[in-house]
There are 2 protein chains.
Amino acid sequence: MQKYSKQTRLLLAVDCIIFGFDGEILKILLIKRDFEPEKGNWSLMGGFVQPNESVDQAANRVLMQLTNLQGVYLEQLYTFGSTKRDPLERTVSVSYFALIDINKYETQLSKDYHADWFPLKRVPKLIFDQQEMVEAAKKRIRYKAALHPILFELLPEKFTLPQLQVLYENVFNTSMDKRNFSKRVLATGLLIKLEDKDKTGSKRGAFYYHLNKQSYYIKFQSFINIIPNPDTLLF
Amino acid sequence: MQKYSKQTRLLLAVDCIIFGFDGEILKILLIKRDFEPEKGNWSLMGGFVQPNESVDQAANRVLMQLTNLQGVYLEQLYTFGSTKRDPLERTVSVSYFALIDINKYETQLSKDYHADWFPLKRVPKLIFDQQEMVEAAKKRIRYKAALHPILFELLPEKFTLPQLQVLYENVFNTSMDKRNFSKRVLATGLLIKLEDKDKTGSKRGAFYYHLNKQSYYIKFQSFINIIPNPDTLLF
DNA sequence: ATTTTTAAGTGTTATTTTAACAATTAAAAA
DNA sequence: TTTTTAATTGTTAAAATAACACTTAAAAAT
C-alpha cells in the first residue's frame, strides 16, 4: 500500500512519561529496556506505532501494557524528530504524558517489565533523548497544572486538603500558606467534603474530599487559580 | 538502513498553519494542492519529512519554500495520527503554526504556489483533517497569546498601540477599553515609544512603538496579562 | 483522669490588581 | 477659523490577593 511512491518511510514510536504521586513526592515510572540497542538501561515505556492503530491508540496501548489501567489521563506532549535520536535507525517519537493514581498501580507489573518509580529529582540516565522528554513533561505538567485542575488525576478518589497541598507544593517546588491554599481550592467549587477522616497523617485526622465530577468536567478548560504568583514559579 | 527489522515504516509529513495580520483581521495562508489526491483543492502548506532532516527542519523548509522568510516564529502544534487521515496511504502529520509579518510576504510567491490569504472566519473546505489542524492552531494561538507576548510576531517592526489593540481584539474576538489596554501593554515594559507617527489611520496620527528585544527575550516565558478575564475568553 | 503533643482547621486586613468610566488634544480637512 | 476624527491620558470603586496566628480535635503520654 505504498502510493506516494517516491517518499521515504520512517519508524514512528510513542513514549510515555508516566507520573505518580506517593503522598510525598512526584515520581515517574521507568522500565528496563529489553531489546537492543540500550538493552538493560532505564527507559520510558514506549513502542512502535503499528499500521492498524492511530498514534493515540499506540500511546494508550503502551500505557495499558505497563499499567493495566483504563481511563487514565493521557495527553500528547511533543514530537521528537531529530535525525540521530535513535542511533540504530531513524525513528521519530511522539511523546505523551500520563497521570495515574499510584495506588491503583499493581506492583506485579513492575516485576514483569523490570519497572520502577523514580523521584523526579533522581531520574537515572535515560536512553536517547528521553531526558529531554522528561524535562518537557515536567515543564508541561507545571504549565497545565497552573491553569487547569489536572493534578487531581494523581490522587486517589478520596484525598485530604493537606495531601492536595503537598502535591501542589511538590509540583511547583514551593511552599504555600495553608489558609490561602484551602480558600483557593474550595473556591473552585470542585471539591465535596466527606464525613470521614484520614487518620493516618495526624492525631486529629483530616477530612476527606472528593472531586465533584460534574464541576470538574465543566470547569476543566477554565483557568483555575490555585497557584499564587504563577508567573514567578513556572519557568 | 532498516535495523528494527520487524517494524512497519510510515510516511511522516509536516503541515504549517501560517498566520498573518493585515491590520484588520487575522488570516491564514493556504495553497492549492498540486498533486493527487485532492489536487487543486485548498490545503495547508506541507510536505514529507525527508530522511536527512529533522521534523523541525522539515517544517522550516516547507515554511521557507512558501514564504522565503528567515527567522519566522514557528512552533510545533500537534501530531495528527489517525490511520485514515490520508486516504491514499497512512501518513502521520506533525503540524506547526507560524506567525509572520504579512508585509514581508512577497505576493509573487502566491502566484507560484497558487496561494492565498483567507480570513480565519472564511477558511474554505480543506483536505483531509486540516480543518481540525486549523482549529487546534486557533485555540493554541489564543492560549499562548493570553500568556505570552507572541502576537508581536505578526506585526511589522514599527506599530502603533491602536494597531496592537485591533490585533488583540481580533485574536480574542472581543473589544477592549483602550485606556486599560494601553496601561497593560506599557506596564509589560516590552515597548519603546518612537518619535514618529503613523499618519495613515487618523488625522492626528498615532505614535509608533517597537519591541524592546532585550525585555522581549527575557520576559517571553513569563505570563503576561494583556487580556482581561482570560478565562472567559479562551474557550 | 489530666495534660501534652501534633497537625487540622479557620478569619481578618492591608495591599495590590483590575475594571469601569470621559475629557482633552493633535492634526488634517472643511 | 472652525470642524472633524481618532489618539492620548487619569481617577476611583470593586475585587483579588497575600500576609499573618490562634483555636480545636484527637491521640499519646503522664
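Please read all numbers here as calculations on a predicted model, not as lab measurements. Protein chains get the first letters and strands the later ones, always in sequence-line order, with residue 1 at the start of each.
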K.L.:
Output the rounded distance in Å from CE (A:M176) to P (D:dC20).
P.N.:
17 Å
K.L.:
Can you figure out which of D:dT9, C:dT18, C:dT10 approaches the side chain of B:R184 most closely?
P.N.:
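Per side-chain heavy atoms of B:R184, the pick is C:dT18.
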K.L.:
When both hydrogen-bonding distances must be under 3.5 Å and the geometry is Watson-Crick or G-U wobble, what is C:dA14 paired with, if anything?
P.N.:
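Pairing partner, where one exists within any strand: D:dT17.
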K.L.:
Salt-bridged, B:K158 to B:D198, with N to O below 4.0 Å?
P.N.:
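No, B:K158 and B:D198 are not salt-bridged.
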K.L.:
Can you list, in residue-number order, the parts of residues 185-192 of chain A that come under 4.0 Å of DNA chain D, counting heavy atoms only?
P.N.:
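By residue number: none to list.
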K.L.:
Please list, one pair per line, the donor and acceptor atoms closer than 3.5 Å that link side chains of residues 22-32 of chain B to other protein atoms, with sequence neighbours excluded.
P.N.:
from: B:D22; atom 1: OD1; to: B:E24; atom 2: N; distance (Å): 2.7
from: B:D22; atom 1: OD1; to: B:I25; atom 2: N; distance (Å): 2.8
from: B:D22; atom 1: OD2; to: B:K27; atom 2: NZ; distance (Å): 3.1

K.L.:
Suppose we call two aromatic rings close when their centres sit under 6.0 Å apart. Are A:F19 and A:F21 close by that rule?
P.N.:
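No, the ring of A:F19 stays outside the 6.0 Å limit from the ring of A:F21, centre to centre.
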K.L.:
So which of B:V123, B:I127, B:D116 actually passes side chain to side chain contact (heavy atoms under 4.5 Å, CB included) with B:W42?
P.N.:
B:D116
K.L.:
If we count only N and O atoms by modelled type, under 3.5 Å, do the side chains of A:D15 and A:S95 hold a donor and an acceptor together?
P.N.:
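Looking only at side-chain atoms, A:S95 and A:D15 do not form any donor-acceptor pair under 3.5 Å.
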K.L.:
In whole Å, what is the span from the CG atom of A:D177 to the P atom of C:dA8?
P.N.:
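Whole-Å distance recorded here is 14 Å.
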K.L.:
Can you measure A:F181 atom CZ to C:dA7 atom P for me and round it to whole angstrom units?
P.N.:
18 Å
K.L.:
In whole Å, what is the span from the NZ atom of B:K197 to the P atom of C:dA26?
P.N.:
8 Å
K.L.:
Closest to the A:K178 side chain: D:dT8, C:dG11, C:dG9?
P.N.:
C:dG9
K.L.:
Could you give the CG-to-C1' distance, from B:L164 to D:dT8, as a whole number of Å?
P.N.:
15 Å
K.L.:
A:L161 CG to C:dG9 P: how many Å, rounded?
P.N.:
6 Å
K.L.:
Would you check if the distance from the ring center of B:F159 to the ring center of B:F152 is below 6.0 Å?
P.N.:
yes
K.L.:
If you restrict it to nitrogen or oxygen atoms, what contacts under 3.5 Å exist between nucleotides 27-30 of chain D and the protein, and what is each distance?
P.N.:
none

K.L.:
In terms of relative ring orientation, are A:F220 and A:Y216 parallel, tilted or perpendicular, with 30° and 60° separating the classes?
P.N.:
perpendicular
K.L.:
Taking atom types as modelled and ignoring hydrogens, do the side chains of B:E75 and B:Y73 form a donor-acceptor contact shorter than 3.5 angstrom?
P.N.:
yes
K.L.:
Is the distance between the ring centroids of B:H148 and A:Y143 under 6.0 Å?
P.N.:
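Yes, they do, as the ring centres are separated by less than 6.0 Å.
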K.L.:
Of the candidate nucleotides C:dG9, D:dA18, D:dT9, which contains the atom at the shortest distance from the side chain of A:K183?
P.N.:
D:dA18
K.L.:
Could you tell me how far apart B:F207 (CZ) and C:dA26 (P) are, to the nearest whole angstrom?
P.N.:
10 Å
K.L.:
Let me know, please, whether A:G205 or A:N180 comes out on the 5' side of the other along DNA chain C by nearest nucleotide.
P.N.:
A:G205
